[in-house]
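Since the structure comes first, as structure tokens, the remarks are kept for the end.
Chain naming here is simple, since letters A, B, ... match the order of the sequence lines and numbering starts at 1 in each.
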2 protein chains.
Amino acid sequence: MRSQKKTRQEKLLKLIAQNPLATDEQLADRLSVSVSTIRLDRAVLGLPELRERMKSMAQKATSRLRSLKQEEIVGDLLELEPNRWSLSILATRRDMAFRDTNMVCDHYIYAQASSLAIAVVEADLVLVESMRGKYKGHAQVGDSLVARAKVGVHKDDKYIVSVRTKVGEREIFVGRFITAAIPPNAEDGHREENL
Amino acid sequence: MRSQKKTRQEKLLKLIAQNPLATDEQLADRLSVSVSTIRLDRAVLGLPELRERMKSMAQKATSRLRSLKQEEIVGDLLELEPNRWSLSILATRRDMAFRDTNMVCDHYIYAQASSLAIAVVEADLVLVESMRGKYKGHAQVGDSLVARAKVGVHKDDKYIVSVRTKVGEREIFVGRFITAAIPPNAEDGHREENL
DNA sequence: CCGAAATTAGTAGCAGGTCTTAAGAGTTAG
DNA sequence: CTAACTCTTAAGACCTGCTACTAATTTCGG
């Protein structure tokens, strides 16, 4: 009987985590208790009121917008020998992970690899034409992903670049990119009429 | 000077854009007018009150959080028929482009495709095991990328998912993902919908 | 100096709370 | 059985940051 309180408070925590924009009244309704009880529970659990929750979310929102920029998801270039090989490192953060896990999303691994494959080719503008890759293991949040790109054969302006990504000694990704160096004049060549 | 009003209202717009979390009182202080004037100006300019601004920021924050972390969708999910097919759209922004061009980086195209491939498979946790893909054209900043995923054959918990991404009628990417549904671990799958 | 526009002040009311006090229900120990 | 206890709910006063409205006051161009 007395443990109804605990389960209710646990539910309350989950509800608020799920939908931080709920009013006490909505929460009370949801848990079939009075508003007073919700307020009491919130006080006990140290949960801030709706407006405080909105405020902190709004504050976080402004900083988040600026943190998802390019450089942070493609890693830092450590070494580069143009048209030969290159090395980059990417520090993974909590927000690069899948939902509740701490496994890094594949597209961050891809982004690092693809960016490196582009960087290693010496040309003004390089694009990926096609790729294939295999994820051989999972990276955890906090791991530093070290990607190494090697340029293979090239015909005309197409380069084959292989990328291997490791966490420590463990290989988590192997990929092969076909990249194309685009001559500067050809930029936007074939699709201007569409806008 | 009757044009003081206009310049003040312009300043007000800038101030609110800069710091959306300012109260009318702070704004009044800043512009050396009374709170009434600020309210009047806000009414004229159609600017919402502080709490509405906070609310919409907080809502955006959740939707961004949900779309980038929770649901693991890059882009907005338009339609989903689990284990069959799905559709998402991604509006491209300036910051998704290569350096000085307005061509969208391949890894955003990849991220949308891969996220969709993961979303379309009905399981608690789905990971990409391998993929191959071909970029058949370029997307420009401002284009809306529409990705369509189709689930192909599946053996055990491995699913083959094909994704085609288009800008209008033009296909810019075709890929094939092998995804793996990871058996549910110690997570109580207690999912409640929004309030 | 007059009159209209612009500004300020003041009122009541609302949402979503705070904090406090208090009353009732159910539970348990002596 | 009753006193002491916990849990829940209610009620009241107050708070912030507004809205919506009215009324007074200031300002400035002509």
Side-chain angles (χ1 to χ4, degrees), chain A residues 1-66, chain B residues 1-66 70 188 190-195:
Chain A
M1 271 292 173
R2 288 298 154 83
S3 64
Q4 279 180 339
K5 194 166 85 162
K6 270 198 182 166
T7 63
R8 187 190 57 227
Q9 292 183 343
E10 279 161 22
K11 276 184 196 169
L12 182 62
L13 278 167
K14 275 187 198 165
L15 277 177
I16 289 186
Q18 248 177 36
N19 178 6
L21 299 182
T23 63
D24 287 356
E25 207 172 337
Q26 291 170 323
L27 294 166
D29 220 59
R30 193 65 179 265
L31 295 174
S32 308
V33 289
S34 72
V35 174
S36 307
T37 306
I38 294 295
R39 309 242 227 248
L40 201 139
D41 282 351
R42 263 201 308 99
V44 166
L45 297 172
L47 296 173
E49 61 166 298
L50 167 63
R51 279 161 183 167
E52 289 305 312
R53 298 195 299 266
M54 285 203 315
K55 197 167 157 188
S56 73
M57 286 174 75
Q59 279 167 344
K60 272 184 207 160
T62 42
S63 58
R64 191 183 313 278
L65 282 178
R66 280 161 209 155
Chain B
M1 280 292 160
R2 257 71 208 284
S3 64
Q4 278 180 341
K5 194 165 84 160
K6 271 200 179 165
T7 62
R8 186 191 59 228
Q9 291 184 344
E10 279 161 20
K11 275 184 196 169
L12 182 62
L13 278 168
K14 276 185 198 164
L15 276 177
I16 288 187
Q18 256 175 34
N19 177 9
L21 299 183
T23 63
D24 285 357
E25 207 173 338
Q26 292 169 326
L27 294 167
D29 220 59
R30 191 70 175 266
L31 294 175
S32 310
V33 289
S34 72
V35 174
S36 305
T37 307
I38 294 296
R39 309 240 225 250
L40 201 139
D41 283 352
R42 261 202 310 101
V44 166
L45 296 172
L47 297 172
E49 63 167 296
L50 167 62
R51 279 162 183 168
E52 288 305 311
R53 298 194 301 267
M54 286 203 315
K55 197 168 157 187
S56 73
M57 286 174 75
Q59 277 167 344
K60 268 184 208 162
T62 38
S63 62
R64 190 171 298 273
L65 238 109
R66 295 224 161 115
Q70 203 149 335
D188 57 26
H190 191 68
R191 181 151 314 185
E192 298 189 45
E193 79 291 353
N194 290 341
L195 293 173

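- Distance check: A:Met54 CE to B:Met57 CE gives 11.0 Å after rounding to the nearest 0.5 Å.
- Applying a 4.0 Å cut-off to non-hydrogen atoms, none of the residues of residues 23-31 of chain B approaches DNA chain C.
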Short heteroatom pairs, N/O only, protein and nucleotides 20-23 of chain C, under 3.5 Å:
none

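- Rounding to whole angstrom units, NZ of residue B:Lys5 and P of D:dC28 are separated by 14 Å.
- Atom CZ of residue A:Arg30 and atom CG of residue A:Leu27 lie 9.0 Å apart, to the nearest 0.5 angstrom.
- In this structure, A:Arg53 reaches neither bases nor backbone, as no heavy-atom distance under 4.0 Å exists between it and the strands shown.
- In plain terms, the two heavy atoms of B:Leu50 and B:Pro20 that are nearest each other are CD1-O, 3.7 Å.
- Rounded to whole Å, the distance from CE on A:Met54 to P on D:dC18 is 11 Å.
- Of all heavy-atom pairs spanning A:Leu21 and B:Ala58, the tightest one is CD2-CB, 3.9 Å.
- Listed by chain and residue number, A:Thr37 satisfy the side chain to side chain donor-acceptor pair (under 3.5 Å) test with A:Ser34 (two or more places apart in sequence, or in another chain).
- Against DNA chain D, the stretch residues 34-52 of chain B makes heavy-atom approaches under 4.0 Å through B:Arg39, B:Arg42, B:Glu49, B:Leu50, B:Arg51.
- No side-chain heavy atom of A:Ile16 sits under 4.5 Å from any side-chain heavy atom of A:Leu45.
- Between the P atom of C:dA5 and the CD atom of B:Gln9 lies a distance of 16 Å, rounded to the nearest Å.
- The main-chain N or O of A:Leu47 is never found under 3.5 Å from a side-chain atom of A:Arg53 such that the two would form a donor-acceptor pair.
- Remark: B:Leu12 CG to B:Leu31 CG distance equals 6.0 Å, nearest 0.5 Å.
- Looking at heavy atoms from C-beta onward, B:Lys14 lies out of side-chain contact with B:Glu10 at the 4.5 angstrom threshold.
- Screening residues 40-51 of chain B for side chain to side chain donor-acceptor pair (under 3.5 Å), with sequence neighbours left out, gives B:Arg8-B:Asp41, B:Gln9-B:Asp41, B:Asp24-B:Arg42.
- Evaluation of the side-chain contact (heavy atoms from CB on, under 4.5 Å) rule for B:Leu40 yields B:Val44 as partners, not counting sequence neighbours.
- Distance, B:Lys55 NZ to C:dG16 C1': 11 Å, rounded to whole Å.
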